S.K.: 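Just dropping this structure here.
Predicted model only: the values in this text are computed from it and were never measured.
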Amino acid sequence: SNKGVVFYKLDIKSEAKKSFKTALEIEPENASASNNLGVVFSWYGEFDLAKKLFEHTIQENYDYVLGHANLAELFLNNGSIEKASKKMEEALDLVNDNIDDDISLAYVYCLDGRIKIEAQSKDKQAQTEDKQIQSKDISGKYSEAVKSFEKALSFNVENPGLILWSVYV
């Protein structure tokens, strides 16, 4: 699995995929390898397989925060904002006790901010389409998103993607 992470970081997707598959053949309950293979399948656009792997990750190790976060991102990228929000809440409930590296924390909080922005955008669109809909606390979601991006930056201040998201909000 460590070999797969090296290939993953070098953006050698085919080799990362092989390494994570091999790790899972040897140790099927390896949540990290399952999660990382799901990420690779997402790269390839194989979202059904990625979803199954993220679900397998969570089944094998419910406390594996990145499994929840990656499933939330998959839902977000496929337009299922409500599912993404729910899964992100589960990930955030687990963060304090189960993540100790700053890069992963930054990813989780940035993703939380992205989901909140998408939820806000969806609320605004619904309001525009139907004037009868009572406004949810849209400004509250926006301020929550800002807080999430601030947390993300506190863990990975040099990440240009986080800086751009923070400027965006």
S.K.: If you measure from the Lys or Arg side-chain nitrogens to the Asp or Glu carboxylate oxygens, is any gap between Lys52 and Asp48 under 4.0 Å?
M.R.: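 No.
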
S.K.: Do the side chains of Leu53 and Phe20 get nearer than 4.5 Å, heavy atoms only?
M.R.: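 Heavy-atom side-chain distance check fails, nothing below 4.5 Å.
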
S.K.: Can you see which heavy atom on Leu111 is nearest to which on Ala72, and at what distance?
M.R.: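 Residues Leu111 and Ala72, closest heavy atoms: CD2-CB, 4.3 Å.
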
S.K.: Is the shortest heavy-atom distance from the side chain of Asn36 to the side chain of Val40 under 4.5 Å?
M.R.: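 Counting from C-beta outward, Asn36 and Val40 never come under 4.5 Å.
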
S.K.: Does Glu89 pair with Lys86 as a salt bridge, N-O distance under 4.0 Å?
M.R.: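 A salt bridge is absent here (no side-chain N lies under 4.0 Å from a carboxylate O).
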
S.K.: Search all heavy atoms of Ile115 against all heavy atoms of Ala84 and return the closest pair with its distance.
M.R.: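 Closest approach of Ile115 to Ala84: CD1-O, 3.7 Å.
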
S.K.: Do you know which two heavy atoms are closest between Ser34 and His56, and how far apart they sit?
M.R.: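 Result for this residue pair: OG-CD2, 3.1 Å.
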
S.K.: Please name the pair of heavy atoms, one in Phe54 and one in Gly38, separated by the smallest distance, quoted to 0.1 Å.
M.R.: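 So the two residues come closest at CZ-C, 3.4 Å.
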
S.K.: Please determine if Glu118 and Arg114 form a salt bridge, counting it only when a charged side-chain N lies under 4.0 Å from a carboxylate O.
M.R.: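 No.
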
S.K.: Can you measure from CD (Glu46) to CG (Leu37) and round to the nearest 0.5 angstrom?
M.R.: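 Atom-to-atom, Glu46:CD and Leu37:CG are 9.5 Å apart.
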
S.K.: Do the side chains of Ile103 and Leu94 join up, straight or via other hydrophobic residues, at under 4.5 Å, putting them in one cluster?
M.R.: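 They do not share one cluster, since no chain of ILVMFWY contacts under 4.5 Å joins Ile103 to Leu94.
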
S.K.: Of all the heavy-atom pairs spanning Val95 and Tyr109, show the shortest one and how long it is.
M.R.: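 Where Val95 meets Tyr109 most closely, the heavy atoms are CG1-OH, 3.7 Å.
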
S.K.: So, Lys87 and Glu73, do they make that salt bridge, N to O below 4.0 Å?
M.R.: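 Here Lys87 does not pair with Glu73 in a salt bridge, since their nearest N and O are not under 4.0 Å apart.
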
S.K.: For Tyr62, enumerate each residue passing the ring pair (Phe, Tyr, Trp, His ring centres under 6.0 Å) test, keeping only those at least two apart in sequence or located in another chain.
M.R.: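 Tyr62 satisfies ring pair (Phe, Tyr, Trp, His ring centres under 6.0 Å) with His68 once adjacent residues are dropped.
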
S.K.: Could you please spell out the steps behind the side chain to side chain contact (heavy atoms under 4.5 Å, CB included) verdict for Leu66 and Thr57?
M.R.: CA-CA 9 Å; Leu66 294 178; Thr57 300; over 6 Å; no

S.K.: May I ask you to establish whether Lys17 and Tyr44 are in a cation-pi arrangement, using a distance under 6.0 Å from NZ or CZ to the six-membered ring centre and at most 45° from the ring axis?
M.R.: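 Yes; both conditions hold, so Lys17 lies above the ring face of Tyr44.
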
S.K.: Quick check for you: to the nearest 0.5 Å, what is the distance between Tyr64 atom OH and Ser32 atom OG?
M.R.: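 Between atom OH of Tyr64 and atom OG of Ser32 there are 3.5 Å.
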
S.K.: Counting distance only, does the side-chain N/O of Asn78 pair as donor-acceptor with the main-chain N or O of Leu74 below 3.5 Å?
M.R.: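 Confirmed, Asn78 side chain pairs with Leu74 backbone.
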
S.K.: List in chain and number order the residues that pass side chain to side chain donor-acceptor pair (under 3.5 Å) with Asn35, two or more places apart in sequence or in another chain; answer none if no residue qualifies.
M.R.: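 Testing Asn35 for side chain to side chain donor-acceptor pair (under 3.5 Å), a comparison that skips the adjacent residues, returns Asn70.
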
S.K.: Do Lys21 and Glu25 pass the salt bridge (charged side-chain N to carboxylate O under 4.0 Å, His left out) test, and can you show the C-alpha distance, the side-chain angles, and the key distance before you say yes or no?
M.R.: CA-CA 6 Å; Lys21 277 185 171 181; Glu25 288 169 4; over 6 Å; no

S.K.: So which atom in Ala91 and which in Val65 form the shortest heavy-atom distance, rounded to 0.1 Å?
M.R.: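 Closest approach of Ala91 to Val65, heavy atoms only: O-CG1, 3.7 Å.
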
